[in-house]
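Down below is the structure, laid out as C-alpha cells.
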Protein chains: 2
Amino acid sequence: MKRRHATLSDIAKALNVSASTVSRALHDSPLIRKETKDSVIAMAKALNYQPNQQAIGLLNKKTKIIGVIVPEITGYFFATAINGLQDFVENTGYKLIIGQSNESFDQEAKLMETLSLARVDGLIISPTSETTSNIHLEKFRESGIPVVVFDRDCPNFLSDKVFVDDYEGAFQAVDYLIKTGCRKIAHLGGPANLTTCRCRKRGYLDALTQNGITPDPQLILEVPGFTPDCGEEIIRDLLDREAIPDAIFAVNDAVAIGTMPVILEKGLRIPQDISLIGFDDEPYSQYFMPSLTTVWQPVYELGLLSGRILMNHILHSPEEYDYRYELLKPELIVRQSSKPLV
Amino acid sequence: MKRRHATLSDIAKALNVSASTVSRALHDSPLIRKETKDSVIAMAKALNYQPNQQAIGLLNKKTKIIGVIVPEITGYFFATAINGLQDFVENTGYKLIIGQSNESFDQEAKLMETLSLARVDGLIISPTSETTSNIHLEKFRESGIPVVVFDRDCPNFLSDKVFVDDYEGAFQAVDYLIKTGCRKIAHLGGPANLTTCRCRKRGYLDALTQNGITPDPQLILEVPGFTPDCGEEIIRDLLDREAIPDAIFAVNDAVAIGTMPVILEKGLRIPQDISLIGFDDEPYSQYFMPSLTTVWQPVYELGLLSGRILMNHILHSPEEYDYRYELLKPELIVRQSSKPLV
DNA sequence: CTGTTAGCGCTTTCAG
DNA sequence: CTGAAAGCGCTAACAG
C-alpha cells in the first residue's frame with residue numbers, strides 16, 4: 001500500500017491554517033501562538049510528517065551528504081577509518097556516500113563526477129596509487145566544495161589534510177630492529193607513488209643511516225599491492241639469494257603475513273633467523289604464530305578527525321580559511337615476530 | 001571562489017530560448033531541431049552544466065539513493081557484500097548510503113529513521129543479533145519502499161530475501177570432520193537469535209545424527225560475538241575439562257582463529273589432536289599455520305544479487321509482486337587444520 | 001519545433 | 001500572530 005508522504009500543506013489543510021504557519025510552528029518560531037504550535041505538532045505527529053529534505057536542499061543548496069572516496073573498503077584500514085568518520089558524522093545529521101576507486105585513477109575521477117552530480121556538501125578522499133594529477137580535485141575546490149585529503153597525500157593540492165606520521169612509525173620500527181641486533185634489514189615497500197609508502201621508506205633509510213648502517217639497494221624491494229600474496233611472491237625471490245636478510249620491515253601487515261609461511265617453509269625461524277615487522281596492526285596480526293610485531297595507526301581517529309575538520313569547514317565556512325594539517329602519531333607494538341631488546 | 005552551479009535557465013538566457021527547450025534538447029527529444037540541440041549542448045558544456053538531482057527528485061519523488069544497514073563494516077564479510085552491492089548499483093546511477101547498527105537494535109531503528117528522512121528509494125538490510133521485532137521494517141514497507149533482507153533473516157517479515165545456505169555449509173563441514181575420523185566434535189556457535197547461527201547449528205546437529213552420533217550438550221557452546229577473543233575465551237573453558245573434543249566447528253573464522261594459540265599452547269596439535277573448521281574463508285585464513293579449513297561463502301555475489309533484486313523491484317515495481325527468496329551455495333575449503341579423508 | 005504555465009515541498013519576505 | 005506570494009531548478013502538459 002503506497003501512501004504519499006504527508007506534506008506541510010496536508011497539515012495546513014487539516015488545521016485550516018496556512019503552510020507558512022505550519023512551517024513556523026514546526027521550527028518553533030516565537031511568532032506563533034502556543035496553542036497553534038501544539039495543534040500543529042500534534043497533527044504533524046498524527047500524519048507522520050517528515051520534512052522533505054530534497055525540497056529543503058533545493059532551497060538552501062545543501063544536500064547534507066558528504067562524499068567519501070577510498071581505494072577500497074574491504075580491508076581493515078579504510079573500513080575502520082570510515083567507521084570513525086561515520087560515528088562523527090552521524091550526530092550532525094549528515095549522511096555519507098562512499099565510493100571505492102579500487103586504486104584506479106579513472107574510477108576515482110568517475111566517482112568524483114558522480115559525487116559532484118549528487119551535489120555533496122563536502123568530500124573526504126584518500127587518492128589511488130595511480131593518482132598523480134589533481135585536476136579533478138581542483139575542479140571540486142573551484143566550485144567551492146570543501147575537501148579533506150586523508151592518509152595519502154595529494155601533493156600540491158591545497159586543502160585540509162589529515163595523515164598518520166608514517167615516517168616516524170617506520171623509523172621506530174627499523175630502529176627497534178637494529179637495537180635488537182639486526183643489521184641486514186630488508187624493506188618490502190609499497191607503490192612508490194604513494195606518499196605513505198615513500199614516508200615509510202624514508203623512515204627506514206634514516207633509521208639505518210642514523211645507526212651507521214649503509215642501506216643495501218639489494219634489500220630494498222617494492223611490492224605492487226597490499227595483499228599477502230604480494231608478500232609471498234617477493235619473499236621467494238629474496239630468499240633465493242645467497243645473502244639472506246636478518247630482518248624484514250614490510251609496508252603493511254598483510255604483506256608481512258604473506259611472507260611468514262615461505263620463511264618457515266625454507267627452514268628459517270622467526271624471529272631467531274629473521275625478524276619481521278609489519279604496519280597497521282590488523283585485528284588478526286596478534287593471532288599469528290609468532291604474533292606479528294607491527295606499527296599501530298590511529299585509524300579510527302584518522303577518520304573521526306577528518307570528519308570533524310570537514311564538518312567544521314562546511315558549517316563555518318569563512319571567507320579566509322587556513323587549511324589544517326594534522327599528523328597523528330603511530331605506535332610500535334612489539335610482539336613475538338621480532339627479538340627482544342638486548 | 002564559489003561559483004553558483006549553472007542552471008537550465010542560465011543556458012536558456014545565454015541562447016535566447018526557453019528553459020523547456022533546453023531541457024528537451026538535453027534529453028535529446030525528437031521535437032528539437034538539430035541545430036538548436038547542438039548549440040544547447042555546446043553551451044551546457046561551456047557552462048559546465050550539471051542537472052540538479054534535488055530538483056528532479058523533488059519532481060518525480062525519487063532520490064536515487066538506496067540505504068544499506070549492516071551490523072558492522074570493518075569485517076571482511078559485510079565489507080565484501082557491500083562491495084558487490086556497490087559494483088552493481090554503480091552502473092544504475094544510484095548511490096548508496098551505508099549505516100552500521102553495531103549489533104544494536106536501537107541504533108538500527110535510529111538508522112532506519114534517518115534513511116526514511118533521507119527518502120531513500122530502497123533499503124538493503126542485515127538485522128542485528130538483537131533484532132526480534134519487525135515494526136521498524138513494517139513501517140518502511142507500508143510507505144511503499146522496497147526492502148531486501150540479506151544474510152540474516154527477519155522471520156515473519158515479508159520482503160525479498162537473499163541468503164547463503166548456512167545449514168548446508170555447516171552440514172558439509174561437520175560431515176567432513178566425521179568422515180576424517182572425528183567423533184567428539186564441539187560447536188562454538190554464535191548468538192542464537194541470528195538465523196545464520198541457528199542454521200549452522202542445525203547443520204551441525206543433523207550431520208552428527210545422520211552419522212549415528214548423539215550430540216553431546218557439553219560440546220555445544222555459544223560465543224557472544226564474532227571476534228577472535230570470543231573464541232579465545234571459550235576455548236579455555238572447553239579445554240579445561242577432562243573430556244577434550246577431537247574437533248571444533250566454529251561459527252566463523254575469527255572465532256576459530258582465536259582458539260588456535262590456546263590449543264597449541266596446551267600442547268595439543270592441529271589437526272592431529274584437534275581438527276578445526278571455521279566459516280567465511282576470510283582472506284587471512286589460508287595464511288595461518290596450519291592454514292584454516294573453512295566454509296567459503298559467496299559474499300560478493302550475496303551483495304550483488306541483493307542489489308540486483310532491489311533495483312529490479314524499484315524500477316519495475318508492479319502492483320502484484322512476488323517476493324524473491326534466494327539461497328546461495330557455500331563451499332567447504334579443506335586446508336591443513338583438518339585431517340585428510342581416510 | 002518552441003514557449004508558457006504550473007507545480008513538486010519547502011522557506012522566507014512582505015503584508016496584513 | 002498569521003496569510004499570500006515568490007522562488008529554489010526542473011519537467012510536463014498545454015498551447016501555439
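Residue numbering restarts at 1 for every chain, and letters A, B, ... go by the order of the sequence lines.
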Detail all sub-3.5 Å separations between protein N/O atoms and N/O atoms belonging to nucleotides 7-9 of chain C.
unit_1: C:dC8; atom_1: O3'; unit_2: B:Lys61; atom_2: NZ; d: 2.9
unit_1: C:dG9; atom_1: OP1; unit_2: B:Lys61; atom_2: NZ; d: 2.5
unit_1: C:dG9; atom_1: N2; unit_2: A:Ala55; atom_2: O; d: 3.4

Task: Summary of ring-ring contact (aromatic ring centres under 6.0 Å, His included) pairs that have at least one residue in residues 88-125 of chain A, sequence neighbours excluded - done: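 Of all non-adjacent pairs touching residues 88-125 of chain A, those that pass ring-ring contact (aromatic ring centres under 6.0 Å, His included) are A:Phe105-A:His136.
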Task: Residue pairs involving residues 43-81 of chain B (criterion ring-ring contact (aromatic ring centres under 6.0 Å, His included); sequence neighbours excluded) - done: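 Those involving residues 43-81 of chain B do not exist here.
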Task: Taking every non-hydrogen atom, the tightest pair across A:Cys154 and A:Lys161 - done: O-NZ, 3.1 Å
Open item on the list: At a heavy-atom distance below 4.0 Å, which nucleotide of DNA chain D is the first touched by chain B, and which is the last?
Closed with: D:dG9 to D:dA13
- [ ] Kindly determine whether B:Glu301 and B:Leu305 satisfy side-chain contact (heavy atoms from CB on, under 4.5 Å), including the steps that lead there.
- [x] CA-CA 6 Å; B:Glu301 290 71 17; B:Leu305 185 57; 5.7 Å; no
Open item on the list: Quick check on the helix from C:dC1-D:dG16 to C:dG16-D:dC1: what's the angle between its two end axes, five base pairs per end, to the nearest 10°?
Closed with: 50°
Open item on the list: Looking at B:Glu113 and B:Lys110, is any side-chain nitrogen of the basic one under 4.0 Å from a carboxylate oxygen of the acidic one?
Closed with: no
Considering residues at least two apart in sequence or located in another chain, which fulfil the salt bridge (Lys or Arg N to Asp or Glu O under 4.0 Å) criterion with [X]?
X        : answer
B:Asp87  : none
B:Glu103 : B:Arg152
A:Asp121 : none
B:Lys45  : none

TODO: Would you jot down, in residue-number order, the residues of residues 9-27 of chain A having a non-hydrogen atom under 4.0 Å from DNA chain C?
DONE: A:Ser20, A:Ser23, A:Arg24, A:His27
TODO: Please examine the side chains of B:Ile56 and B:Lys64, heavy atoms only from C-beta on, and report whether any two atoms are closer than 4.5 Å.
DONE: no
- [ ] Return the residues of residues 29-47 of chain A meeting this criterion: a heavy atom under 4.0 Å from some atom of DNA chain D. Order them by number, or give none.
- [x] A:Leu31, A:Ile32, A:Arg33, A:Thr36
Open item on the list: Using the ring-ring contact (aromatic ring centres under 6.0 Å, His included) criterion, which residues pair with B:Tyr325? Sequence neighbours excluded.
Closed with: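 In terms of ring-ring contact (aromatic ring centres under 6.0 Å, His included), with neighbours along the sequence ignored, B:Tyr325 is linked to B:Phe163.
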